[in-house]
Amino acid sequence: MDNFSFPLEMEQAESVVKIADDKMSATLELCRPPEGDSYSLADLKVLLESNGVKYGIDEEILTKMIDKKMYNRPIVVARGKEAADGDAGYYKYNFRTETSSVPHILEDGSVDYLNMDLFETVSVGQVVAEYFPATIGVCGYTVKGEICLAKRGMDLPPLRGTGFVVSEDKRKYISVMNGRIELSAGRLEISNVYTVTGDLDLSVGNVRFEGDVYVMGNMKSGLSIMANGNVVIDGHVGSVTIRAGKDVILKNGMQGAGTGYIECSGNVSGKFFEAVTINAKGDVNANYFFNCNIESGGKIEVSGSKGLIMGGSSKALTTIEAHGLGNAAEVPTWVTVGITSENVNKYNAIGRMMAKVESEIDILRKNLLLFEDAFSKGLKNEKMDKAVYQKIKQALTIKENERELQAREQSEMALLIANMGKSKVMVAGRVCPGVHIIIDSETYIVTSPLTNVEFVRQANEIVALRRTQN
């Protein structure tokens with residue numbers, strides 16, 4: 001700490017100025033003046049400045065020290081100003097950035113598919129996001145007049161994505177379409193949503209759309225939806241065909257009358273399904289299934305205390321969980337989990353197809369090399385033969401993409417086969433006679449009622465174990 005003293009032209013009178021080590025404050029210990037003398041504000045300011053205190057002097061405190069005769073004790077009379085670092089840049093989003101497709105669980109354990117928070121929509125011309133740049137901050141100073149530099153805040157990178165334009169000042173992100181908006185990992189994606197505000201009936205006709213399809217009313221029998229994105233229907237669904245590149249969500253239920261069909265690359269969920277064929281690469285969820293034929297690439301889950309699979313065939317690669325299977329009338333009900341002979345046959349078929357495609361790729365590559373060698377030696381007319389060369393290149397690209405898809409599918413199948421024996425069927429309530437349980441191609445036929453059981457494969461047979469509750 002710097003210590004300074006300054007005599008004030010008064011006998012045996014000496015005041016002391018001290019500057020803190022960080023130079024952000026200074027104190028003055030004012031000595032008592034000789035009898036009959038007094039200090040002025042100007043005297044004290046000269047005292048401070050001559051001892052190096054130039055900024056942040058509090059004249060009000062100095063005046064108080066004089067008026068109140070505050071002698072022989074150190075008092076803070078000057079303070080520096082800390083630098084204020086700049087704020088980081090940030091985005092303000094004019095839409096809900098988080099939605100959830102997880103339905104609400106009712107008191108009886110069933111699922112309320114009607115009030116699901118599915119996606120956020122925006123309109124063309126809407127400012128969906130605004131960027132507020134980082135600020136430079138405000139510099140500070142010490143009582144000695146030294147500048148304390150501020151750090152500039154950190155700017156964020158621009159948003160990436162599709163379906164919007166950016167204003168000239170790079171501050172505003174504006175939607176170029178009416179559609180669905182999603183924010184994920186710094187990417188802003190706006191995609192088309194085809195919305196039917198009422199019922200999807202003959203007045204609307206079949207729907208074929210590149211993005212998502214949202215039906216706010218019912219979907220009448222005999223119609224179809226083909227979408228590359230999600231399909232969401234608020235009302236009841238009859239005997240229709242739905243194909244989706246992502247999820248299918250029916251907030252009510254579907255009565256398929258034996259011809260209703262759903263196929264998707266994601267999950268399928270709905271309040272109930274009656275006489276519907278479902279083929280989903282993901283999970284399938286509902287409150288009950290009646291006489292349905294289901295194939296799930298994940299699990300099948302039937303929610304609620306009345307969650308029932310009755311009749312038909314339900315197949316899942318991992319798990320089937322329900323409250324009840326079958327009924328007292330012993331309606332034939334087939335429940336299958338794990339790897340089937342069909343899966344093994346498919347895996348082997350993929351291997352054969354990959355070998356064939358690999359051979360075709362090898363032939364195409366050799367032909368390309370022959371053309372390139374001939375071109376380099378001038379043995380071929382490039383104008384006449386270039387078209388053939390380009391066709392071979394295009395064919396090679398197609399075959400390489402085909403091989404990549406096959407390799408991915410084979411890898412997924414190999415993982416499933418490696419997990420043989422881990423699949424199971426869990427039933428919290430009653431399993432009625434007439435139910436066939438199949439796990440990894442082994443079959444168990446229920447001949448008498450069972451309650452609260454878990455079917456698993458042990459060695460080469462299926463056993464029914466007492467189900468443990470979590």
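Note that the structure is predicted; figures quoted are calculated from it, not measured.
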S.K.: At their closest point, which heavy atom of Val196 faces which heavy atom of Asp199, and how far apart are they?
M.R.: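 Where Val196 meets Asp199 most closely, the heavy atoms are CG1-O, 3.6 Å.
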S.K.: Can you tell me how far NZ of Lys393 sits from CG of Asn367, rounded to the nearest 0.5 angstrom?
M.R.: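 Here the rounded value is 14.0 Å.
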S.K.: Checking side chain to side chain contact (heavy atoms under 4.5 Å, CB included) for the pair Glu130/Asn94: CA distance, chi angles, key distance, verdict?
M.R.: CA-CA 8 Å; Glu130 296 178 71; Asn94 300 321; 3.7 Å; yes
S.K.: Just wondering, do Val215 and Val232 contact through their side chains at under 4.5 Å, heavy atoms?
M.R.: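 No, side chains not in contact.
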S.K.: Taking the side chain as C-beta and beyond, is there a heavy-atom pair between Ile181 and Thr97 under 4.5 Å?
M.R.: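 No - every pair of side-chain heavy atoms lies 4.5 Å or more apart.
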S.K.: Could you check Met24 against Glu82 for side chain to side chain contact (heavy atoms under 4.5 Å, CB included), going step by step and ending with a plain yes or no?
M.R.: CA-CA 8 Å; Met24 296 306 292; Glu82 299 282 354; 3.9 Å; yes
S.K.: Taking all heavy atoms of Ala84 and all of Ala150, pick out the closest pair and write down the distance.
M.R.: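 So the two residues come closest at O-CB, 3.5 Å.
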S.K.: Yes or no on side chain to side chain donor-acceptor pair (under 3.5 Å) for Tyr288 and Glu274, after CA distance, side-chain angles and deciding distance?
M.R.: CA-CA 8 Å; Tyr288 76 84; Glu274 294 181 0; 2.6 Å; yes
S.K.: State plainly whether the residues Arg243 and Glu263 are in salt-bridge range, i.e. N to O under 4.0 Å.
M.R.: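 Looking at Glu263 together with Arg243, the answer is yes, because their closest N to O distance falls below 4.0 Å.
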S.K.: Donor-acceptor pair, distance only, cut-off 3.5 Å: does the side chain of Ser296 make one with the backbone of Gly282?
M.R.: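 The answer is yes, because a donor-acceptor pair under 3.5 Å joins these two groups.
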S.K.: Would you mind reporting whether Thr277 and Ile262 have side-chain heavy atoms less than 4.5 Å apart?
M.R.: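 They are not in side-chain contact.
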S.K.: Please report the closest heavy-atom contact between Arg430 and Cys432, naming both atoms and the distance.
M.R.: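 Heavy atoms of Arg430 and Cys432 come nearest at NE-SG, 3.8 Å.
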S.K.: In Å, rounded to the nearest 0.5 Å, how long is the span from OG1 of Thr319 to CD of Glu454?
M.R.: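 Taking OG1 in Thr319 and CD in Glu454, the distance rounds to 9.0 Å.
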S.K.: Looking at CG of Asn267 and OG of Ser269, how far apart are the two atoms once the value is rounded to the nearest 0.5 Å?
M.R.: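 With rounding to 0.5 Å, CG (Asn267) is 7.5 Å from OG (Ser269).
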S.K.: For Leu405, does its backbone N or O pair with a side-chain atom of Asn401 as donor and acceptor, under 3.5 Å?
M.R.: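 Judged by distance alone, no pair lies under 3.5 Å.
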S.K.: Does any non-hydrogen side-chain atom of Ile225 lie less than 4.5 Å from one of Val248?
M.R.: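 Sidechains of Ile225 and Val248: no contact.
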S.K.: With sequence neighbours excluded, what pairs up with Asn206 under the side-chain hydrogen bond (donor to acceptor under 3.5 Å, both in side chains) test?
M.R.: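 Result, side-chain hydrogen bond (donor to acceptor under 3.5 Å, both in side chains) vs Asn206: Ser224.
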S.K.: Mind listing the closest non-hydrogen atom pair of Phe289 and Val284 along with its distance?
M.R.: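 Looking at all heavy atoms of both residues, the shortest contact is CZ-CG1, 3.6 Å.
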S.K.: List the steps and the verdict of ring pair (Phe, Tyr, Trp, His ring centres under 6.0 Å) for Tyr194 and Tyr214.
M.R.: CA-CA 6 Å; Tyr194 179 87; Tyr214 177 32; over 10 Å; no
S.K.: Salt bridge check: are Arg408 and Glu404 linked by an N-O gap of less than 4.0 Å?
M.R.: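 Salt bridge present between Arg408 and Glu404.
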S.K.: Is it true that Arg403 and Glu358 make a salt bridge, defined as a side-chain N closer than 4.0 Å to a carboxylate O?
M.R.: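 Salt bridge flag = yes for Glu358 with Arg403.
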S.K.: Side chain of Asn230, backbone of Lys246: donor and acceptor closer than 3.5 Å?
M.R.: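 No.
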S.K.: Between Phe132 and Arg171, is there a side-chain heavy-atom distance shorter than 4.5 Å?
M.R.: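 Not in contact.
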S.K.: More than 12 non-hydrogen atoms from neighbouring residues, nucleotides or ligands closer than 6.0 Å to NZ on Lys281, yes or no?
M.R.: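 For Lys281, atom NZ is not crowded (no more than 12 foreign heavy atoms under 6.0 Å).
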S.K.: Under the side chain to side chain contact (heavy atoms under 4.5 Å, CB included) criterion, do Val276 and Tyr261 qualify, and how do the steps go?
M.R.: CA-CA 6 Å; Val276 180; Tyr261 181 78; over 6 Å; no
S.K.: For Ile136, does the CD1 atom have more than 12 heavy-atom neighbours from other residues, nucleotides or ligands under 6.0 Å away?
M.R.: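 No, CD1 of Ile136 has 12 or fewer neighbouring heavy atoms, counting only those of other groups under 6.0 Å.
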S.K.: Measuring from Arg208:CZ to Asn228:CG, what's the distance to the nearest 0.5 Å?
M.R.: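 Here the rounded value is 9.5 Å.
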S.K.: Verify the distance criterion only: is there a donor paired with an acceptor across the side chains of Glu146 and Tyr55 at less than 3.5 Å?
M.R.: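 No, no side-chain donor-acceptor contact under 3.5 Å.
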S.K.: Ignoring hydrogens and angles, tell me if any N or O in the side chain of Asn452 forms a donor-acceptor pair with the backbone of Arg466 under 3.5 Å.
M.R.: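 It does not hold such a pair.
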S.K.: Where the side chain of Thr333 meets the backbone of Met310, is there a donor-acceptor pair that is under 3.5 Å apart?
M.R.: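 Looks like no, no N/O pair under 3.5 Å.
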S.K.: Keeping the roles fixed (side chain from Asp85, backbone from Gly137), state whether a donor-acceptor pair exists under 3.5 Å.
M.R.: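 Not at all, since once roles are kept as given, no pair shorter than 3.5 Å links the two residues.
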S.K.: Evaluate whether atom CG of Leu369 has more than 12 neighbouring non-hydrogen atoms of other residues, nucleotides or ligands under 6.0 angstrom away.
M.R.: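 Counting neighbours around CG of Leu369, more than 12 heavy atoms of other residues, nucleotides or ligands fall under 6.0 Å, so yes.
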S.K.: Checking the side chain of Arg79 only, and the main-chain atoms of Val143 only, is there a donor and an acceptor separated by less than 3.5 Å?
M.R.: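 Looks like no, no N/O pair under 3.5 Å.
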S.K.: Could you walk me through whether Thr259 and Ser239 pass the side chain to side chain donor-acceptor pair (under 3.5 Å) check?
M.R.: CA-CA 6 Å; Thr259 58; Ser239 178; 2.3 Å; yes
S.K.: Between Val302 and Leu308, which heavy-atom pair has the shortest distance, and what is it?
M.R.: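 Result for this residue pair: CG1-N, 3.3 Å.
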S.K.: Between Lys356 and Glu360, does a salt bridge (Lys or Arg N to Asp or Glu O under 4.0 Å) hold up when you go through it step by step?
M.R.: CA-CA 6 Å; Lys356 181 175 179 292; Glu360 292 169 346; 2.7 Å; yes
S.K.: Please determine whether a side-chain nitrogen of the Lys or Arg among Glu400 and Arg365 lies less than 4.0 Å from a carboxylate oxygen of the Asp or Glu.
M.R.: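 Looking at Glu400 and Arg365, the cut-off is met.
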S.K.: By the definition ring-ring contact (aromatic ring centres under 6.0 Å, His included), identify the one residue from Tyr91, Tyr90, Tyr93, Tyr173 that meets it with Tyr131.
M.R.: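 When Tyr91, Tyr90, Tyr93, Tyr173 are each tested with Tyr131, the ring-ring contact (aromatic ring centres under 6.0 Å, His included) holds only for Tyr91.
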S.K.: A side-chain contact here means heavy atoms from C-beta on lying under 4.5 Å apart; do Val357 and Ile361 qualify?
M.R.: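 Heavy-atom side-chain distance check passes, below 4.5 Å.
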S.K.: Check whether any side-chain heavy atom of Gln406 lies under 4.5 Å from a side-chain heavy atom of Glu409, and answer yes or no.
M.R.: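 When only atoms from C-beta onward are counted, Glu409 and Gln406 do not touch, as no gap falls below 4.5 Å.
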S.K.: Check whether Asn291 reaches the backbone of Ala275 with its side chain - one donor and one acceptor, N or O, closer than 3.5 Å.
M.R.: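 Pair absent, no side-chain N/O of Asn291 close to backbone of Ala275.
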S.K.: Assess whether a salt bridge exists between Lys172 and Asp169, defined as any Lys/Arg side-chain N lying under 4.0 Å from an Asp/Glu carboxylate O.
M.R.: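 Looking at Lys172 and Asp169, the cut-off is not met.
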S.K.: Nearest 0.5 angstrom please: Ile438 CD1 to Ile462 CD1, how far?
M.R.: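 Ile438 CD1 to Ile462 CD1: 7.5 Å, rounded to 0.5 Å.
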S.K.: Could you report the tightest heavy-atom contact between Ser314 and Ile300, atom names first, then the distance?
M.R.: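 Heavy-atom minimum between the residues: CB-CD1, 3.9 Å.
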S.K.: Just by distance, with hydrogens left out, do Thr162 and Glu189 show a side-chain donor and acceptor under 3.5 Å apart?
M.R.: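 Judged by distance alone, the side chains do pair up.
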S.K.: Strictly distance-based, threshold 3.5 Å: is any side-chain N or O of Ser303 a donor or acceptor partner for the main-chain N or O of Asn287?
M.R.: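 Not confirmed, Ser303 side chain does not pair with Asn287 backbone.
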S.K.: Under a 4.5 Å cut-off applied to non-hydrogen side-chain atoms, are Cys264 and Asp247 in contact?
M.R.: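 SC-SC contact between Cys264 and Asp247 ruled out.
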S.K.: If you round to the nearest 0.5 Å, how far is CE of Met216 from OG1 of Thr195?
M.R.: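 The OG1 atom of Thr195 sits 7.5 Å away from the CE atom of Met216.
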S.K.: Checking side chain to side chain contact (heavy atoms under 4.5 Å, CB included) for the pair Ile437/Leu325: CA distance, chi angles, key distance, verdict?
M.R.: CA-CA 10 Å; Ile437 307 291; Leu325 297 178; 3.9 Å; yes
